[in-house]
Amino acid sequence: MTTYTILIILSGLVIFSYLFDLVASKTKVPSVLLLLLLGIGLRLLVDNLKIQTFNFLSILPTLGTVGLILIVFEGSLELKYDQHKNKVIKSAFFSALSILLGTTSVITTIIYQISHHDLYTCIANAIPFSVISSAIAIPSAAALNNKDKEFVIYESSFSDILGIIIFNFTITNHSVTTSAFIGLGLSTFLILLLSAIACVVLLYIMGRLVHHIKFFLIIAILILVYAIGQSYHLSSLVLILSTGLFLNNADTIQNVWFRSIFLYKNLTADLSQLYQLSAESAFILRTFFFVIFGFTMNIGELNNKIVLANGFFILITIYLIRMLFLKIFKKDTLGPILYIAPRGLISILLYFNLPASLKIQEVGTPFLFLVVLGSSIVMTLGITLSKRNSVIQ
């Protein structure tokens with residue numbers, strides 16, 4: 001494949017992704033779903049033409065990780081904090097935690113019935129299916145009212161963070177002991193301390209840099225700190241979320257010393273540019289990640305009644321548990337929020353990070369693909385029908 005052919009393909013994918021975003025804004029069909037279908041279509045075309053390709057699975061985790069960082073960072077840069085939002089943040093946190101634990105418990109039972117592996121292995125495999133993908137949920141919430149949009153951003157981000165914490169805890173501790181929980185508490189304290197330091201340092205750097213290129217440096221530092229934290233099994237997504245929130249709300253801090261040292265004249269303009277850069281970079285990475293994931297799938301493997309039936313049971317589980325806990329923690333009308341529980345980028349990343357010894361053959365990538373695709377379809381139909389009903393009423 002020549003250099004020019006590769007450039008044509010890459011630029012074509014970006015153009016298609018842009019068009020898919022336009023379609024998504026009009027039809028409420030998530031662009032991720034269209035990207036997955038595009039990837040499947042390209043795979044069928046390549047197979048028919050017998051074109052040789054390299055193993056795209058080798059770059060998928062890296063693309064997904066950077067995309068996740070940028071999407072969460074972009075979402076957090078949109079959030080303005082005030083005391084009136086404490087209720088939304090609290091309900092989003094407890095909703096995310098309860099739904100995650102409840103869904104993991106039931107999906108563990110389903111996987112145990114499918115595979116008859118030990119409980120520990122089934123729990124490790126259930127977690128990736130239980131985490132809401134902020135990479136899909138946050139863009140899909142763009143059309144909601146501000147209150148619901150904020151709830152979705154907080155809930156999906158908390159779900160990602162808590163999912164990573166529980167996943168790391170599970171694969172590093174084969175049994176639940178006092179020392180395991182002490183280690184969890186210590187790692188949580190360390191990442192909170194690291195987040196606080198990173199927030200202040202990054203804001204200070206932004207105010208002192210005079211070079212015309214500085215925002216990619218900020219993003220590079222964030223990715224570096226995230227990677228170092230993750231290599232020590234720290235839940236570094238906390239750092240990404242807190243950094244975005246801190247930068248966008250630093251101007252509300254009234255301390256005179258803080259304002260004189262850290263705030264500067266062009267902060268608002270810089271944050272606007274940083275948000276724009278994060279959004280456009282996330283768009284590119286999301287495009288390639290989901291097209292490649294769709295491309296790596298062999299849809300022939302989906303022609304399995306057992307996989308289809310179990311995938312259907314998992315989807316029912318996801319939405320029944322979500323409805324139950326949302327009625328407890330979000331007492332007003334649920335509306336389209338009920339359906340915004342997509343599985344996607346984070347589920348795929350956690351699945352690929354499962355140690356080989358813990359992977360269950362019966363719960364492979366076709367199973368994962370089915371749940372990712374199914375949850376996106378349910379979300380699309382749910383948002384569309386909810387909007388239509390509200391218009392009729």
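This structure is a prediction, so every number in the text was calculated from the model and none was measured.
- The side chain to side chain contact (heavy atoms under 4.5 Å, CB included) search around Ile165 returns Ile161, Leu184, Ser235, not counting sequence neighbours.
- Evaluation of the side-chain hydrogen bond (donor to acceptor under 3.5 Å, both in side chains) rule for Ser187 yields no partner, not counting sequence neighbours.
- A continuous path of ILVMFWY side-chain contacts below 4.5 Å connects Val372 to Ile346, so both sit in one hydrophobic cluster.
- Between the side chain of Thr103 and the backbone N or O of Leu100, no donor-acceptor pair lies under 3.5 Å.
- Atom CZ of Phe258 has more than 12 neighbouring heavy atoms from other residues, nucleotides or ligands inside a 6.0 Å radius.
- The salt bridge (charged side-chain N to carboxylate O under 4.0 Å, His left out) search around Arg286 returns Asp21, not counting sequence neighbours.
- Side-chain contact check for Ser130 and Thr104: at least one donor-acceptor pair (N or O, by modelled atom type) lies under 3.5 Å.
- Between atom CZ of residue Arg43 and atom CD1 of residue Ile51 there is a gap of 12.5 Å, rounded to the nearest 0.5 Å.
- A distance-only check finds a donor-acceptor pair linking the side chain of Ser157 to the backbone of Ile153 [under 3.5 Å].
- Evaluation of the side-chain hydrogen bond (donor to acceptor under 3.5 Å, both in side chains) test over residues 245-262, restricted to residues two or more places apart or in two chains, returns Lys80-Asp251.
- The salt bridge (charged side-chain N to carboxylate O under 4.0 Å, His left out) analysis of residues 53-76, with sequence neighbours excluded, yields no pairs.
- Looking only at distances, no side-chain donor or acceptor of Thr317 sits under 3.5 Å from a matching main-chain atom of Ile107.
- Residues passing the side-chain hydrogen bond (donor to acceptor under 3.5 Å, both in side chains) test with Ser134, sequence neighbours excluded: Asp160.
- With sequence neighbours excluded, the residues satisfying side chain to side chain contact (heavy atoms under 4.5 Å, CB included) with Tyr120 are Asp118, Thr170, His174, Leu358.
- Rounding to the nearest 0.5 Å gives a distance of 7.5 Å between CG of Leu245 and CD1 of Ile89.
- A donor-acceptor contact shorter than 3.5 Å is absent between the side chain of Ser347 and the backbone of Arg343.
- Screening residues 134-173 for ring pair (Phe, Tyr, Trp, His ring centres under 6.0 Å), with sequence neighbours left out, gives Phe93-Phe158, Phe169-Phe181.
- For the ring pair (Phe, Tyr, Trp, His ring centres under 6.0 Å) with Phe129, the lone residue among Phe367, Tyr351, Phe369 that qualifies is Phe367.
- Linking Ile, Leu, Val, Met, Phe, Trp and Tyr whenever their side-chain heavy atoms come within less than 4.5 Å puts Val131 and Leu373 in one cluster.
- Residue pairs meeting the side-chain hydrogen bond (donor to acceptor under 3.5 Å, both in side chains) criterion with at least one partner in residues 359-374, sequence neighbours excluded, do not occur; the list is empty.
- Residues passing the side chain to side chain contact (heavy atoms under 4.5 Å, CB included) test with Ser195, sequence neighbours excluded: Ile191, Val238, Leu239, Ser242.
- Residues that satisfy the salt bridge (charged side-chain N to carboxylate O under 4.0 Å, His left out) test with Lys214, not counting sequence neighbours, are Asp270.
- Summarising the local packing, OH of Tyr339 is surrounded by 12 or fewer heavy atoms from other residues, nucleotides or ligands at distances under 6.0 Å.
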*Taking it one step at a time, do Leu354 and Leu350 satisfy side chain to side chain contact (heavy atoms under 4.5 Å, CB included)?*
CA-CA 6 Å; Leu354 271 173; Leu350 292 181; over 6 Å; no
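- With sequence neighbours excluded, the residues forming a side chain to side chain contact (heavy atoms under 4.5 Å, CB included) with Asn86 are Tyr81, Gln83, listed by chain and number.
- Under the 30°/60° scheme for interplanar angles, the aromatic rings of Phe16 and Phe20 are found to be tilted.
- In this structure, Ile321 CD1 and Met323 CE are separated by 11.0 Å, a value rounded to the nearest 0.5 Å.
- In this structure a side-chain-to-backbone donor-acceptor pair under 3.5 Å is present from Tyr319 to Ser375.
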*Please report the C-alpha distance between Thr65 and Tyr226 in whole Å, then the side-chain angles of each, then the deciding distance to 0.1 Å, and finally whether the side chain to side chain contact (heavy atoms under 4.5 Å, CB included) criterion is met.*
CA-CA 10 Å; Thr65 301; Tyr226 176 92; 3.5 Å; yes
